[in-house]
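Residue numbering restarts at 1 for every chain, and letters A, B, ... go by the order of the sequence lines.
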Protein chains: 2
Amino acid sequence: MRDINTDLRVVRTKESIRHALVELINEKGFEAITVKDITTRAKINRGTFYAHYQDKFDLMTKCEEKIMLDMSKITKQNFPSVIAALETDSQPLAPFSLTVSLSEYLNINSGFMKAVLGPKGDLSFQTRLKEFMWETLYGNNPNAFIKEENFLVPGQYLASYMGTAIIGVIQQWLESGRKESPQEMARILTTITVNGPYFAAGLKK
Amino acid sequence: MRDINTDLRVVRTKESIRHALVELINEKGFEAITVKDITTRAKINRGTFYAHYQDKFDLMTKCEEKIMLDMSKITKQNFPSVIAALETDSQPLAPFSLTVSLSEYLNINSGFMKAVLGPKGDLSFQTRLKEFMWETLYGNNPNAFIKEENFLVPGQYLASYMGTAIIGVIQQWLESGRKESPQEMARILTTITVNGPYFAAGLKK
DNA sequence: GTAATACACAACAGGTTGTTTATTATTATA
DNA sequence: TATAATAATAAACAACCTGTTGTGTATTAC
């Protein structure tokens, strides 16, 4: 019995496929990429690609699933502190340590993240990530944004607002070359989302 | 001398092409659409398509340019009040009337807008629209978000935050069937972006 | 060392692309 | 309304990409 996932040939092949994918997305956008592009760049036979993935969408999905799984794991690692934050809740916000951890993860995987979140990236992934962000950072908190009747604004719009806004800030960070540290990004995300743009602009004390 | 833009055959053909495009984006997403799909759906010859557009990207770009041009016109129509708001400025915000006008425009063109802004839509358009939104609603105001030194958060992140957040709320509105009136959406957009999510959630007075 | 198997190579039919041709149908205009 | 202009059609074309398959070779795990 042999394990596909540890065979050095498979590992090497998949690595060069993923590497080629990221390069090509940054160059010409996911849409314009052909399987032939990928295999040429990865220096593998086209048939080999189809031995591992159904098509370029399958490849993309599997790469994205890995990212989402990693981020879920990070969230679960922070779960004790999330629970603590919820029970003593006054702030409808995920613990700062979680935001830092996620920022650090994005920083490490910035190659792929920049590609898929950039203007030539994958829209469906952004939609999924948006939902994940909302769920992770705000959705679990029963004391926060769930009391629909109190809302000045329908809850669905608040959720969309928060989700897309966070993605927007992350996109900008990745696009502009990650000049801020993950810790600083976590602070920016917290400041801007919790207090609103007026406060973040220094116009309100 | 005959005018291409008024020849009924041309008008009819282009209309059915655009109509087919919107339908197909909603069904299978822009990426999966072929020129053959479009021409079959529009019930025209494939050669006719290429007489008007280079490819599906060219078609998409021209449809999008029309939208952006319309929105620019609406903004310019509101320009007197924008100027007035800037000169007596205390709020880094476009006049409410402009937000209402833009919401109304989105409502009228909701077929196309829902398609291109939806999860199967066009990412590059969203990027451009985001920039347009920021420029239109906030970017022109010299008294607002431009004084970089005052920022608790770097200005570029504030801009990204506002731009993507607005798009996010609009997306949610289109996706969930436009239950709110354009006027109500304008109010929601104003409340949520100016005062921040805490206030909008009724958690801060 | 040896068996397992991932990979390369090559060929295949089927589909899309973008272009071009001759022909037909529709339109604008005098 | 007659007629000249021209948009749309049908059909064919090479070029390309797709997804699959079969054979032989090279690499790997055990």
Novice: Applying side-chain contact (heavy atoms from CB on, under 4.5 Å), can you list everything that pairs with K73(A), at least two apart in sequence or on another chain?
Specialist: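 Checked K73(A) against side-chain contact (heavy atoms from CB on, under 4.5 Å); matches are L69(A).
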Novice: Using whole Å, what does the distance between atom P of nucleotide dA6(C) and atom CG of D7(A) come to?
Specialist: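 My rounded result for the distance is 6 Å.
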Novice: Return each pair, listed once, that meets ring-ring contact (aromatic ring centres under 6.0 Å, His included) where at least one residue sits in residues 44-75 of chain A; pairs must be two or more places apart or across chains.
Specialist: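 For residues 44-75 of chain A: F30(A)-F57(A), F49(A)-Y53(A).
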Novice: Name the stems that DNA chain D belongs to, where each is three or more consecutive Watson-Crick or G-U pairs with both distances under 3.5 Å?
Specialist: C:1-11 with D:20-30, C:13-17 with D:14-18, C:19-30 with D:1-12
Novice: Can I get a per-line list of side-chain donor-acceptor pairs under 3.5 Å for residues 117-127 of chain A, giving both atom names and the distance, sequence neighbours left out?
Specialist:
from: K120(A); atom 1: NZ; to: E27(A); atom 2: O; distance (Å): 3.1
from: D122(A); atom 1: OD1; to: S124(A); atom 2: N; distance (Å): 3.3
from: D122(A); atom 1: OD1; to: S124(A); atom 2: OG; distance (Å): 3.2
from: D122(A); atom 1: OD2; to: S124(A); atom 2: OG; distance (Å): 3.2
from: S124(A); atom 1: OG; to: R128(A); atom 2: NH2; distance (Å): 3.3
from: Q126(A); atom 1: OE1; to: Q171(A); atom 2: NE2; distance (Å): 3.1
from: Q126(A); atom 1: NE2; to: V116(A); atom 2: O; distance (Å): 3.4
from: Q126(A); atom 1: NE2; to: L117(A); atom 2: O; distance (Å): 3.3
from: T127(A); atom 1: OG1; to: L123(A); atom 2: O; distance (Å): 3.1

Novice: With D37(A), which residues qualify under side-chain contact (heavy atoms from CB on, under 4.5 Å), at least two apart?
Specialist: L24(A), K28(A), I33(A), T34(A)
Novice: Quick test of your reading: applying ring-ring contact (aromatic ring centres under 6.0 Å, His included), list the pairs with at least one residue in residues 3-26 of chain A, sequence neighbours left out, ordered by first then second residue.
Specialist: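 Checked against ring-ring contact (aromatic ring centres under 6.0 Å, His included) - neighbours excluded - no pair reaches residues 3-26 of chain A.
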Novice: Just the rounded figure in Å: distance from C1' of dT6(D) to CG of L8(B).
Specialist: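 After rounding, the gap between these two atoms is 13 Å.
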Novice: Return a single string for nucleotides 7-18 of chain C, one symbol per nucleotide in 5' to 3' order, where B is base contact, S is sugar-phosphate-only contact and - is none, cutoff 4.0 angstrom on heavy atoms.
Specialist: SSB------SBB
Novice: Sort and list the pairs that fulfil salt bridge (charged side-chain N to carboxylate O under 4.0 Å, His left out) and have at least one residue in residues 183-193 of chain B, not counting sequence neighbours.
Specialist: E184(B)-R187(B)
Novice: Which residues satisfy the side-chain contact (heavy atoms from CB on, under 4.5 Å) test with S72(B), sequence neighbours excluded?
Specialist: F132(B)
Novice: Identify, residue by residue, the members of residues 16-32 of chain A with a heavy atom below 4.0 Å from DNA chain C, and return them in order of residue number, or none.
Specialist: none
Novice: Using side chain to side chain donor-acceptor pair (under 3.5 Å) as the criterion, list what pairs up with E131(A), not counting sequence neighbours.
Specialist: none
Novice: Taking only residues two or more places apart in sequence, or in another chain, which ones meet E180(A) in a salt bridge (Lys or Arg N to Asp or Glu O under 4.0 Å)?
Specialist: none
Novice: Tell me whether K36(A) at atom NZ has more than 12 heavy atoms from other residues, nucleotides or ligands lying less than 6.0 Å away.
Specialist: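 Not buried by this count: 12 neighbours or fewer within 6.0 Å.
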Novice: Taking OH from Y53(B) and P from dT19(C), how many angstroms apart are they, rounded to a whole number?
Specialist: 16 Å
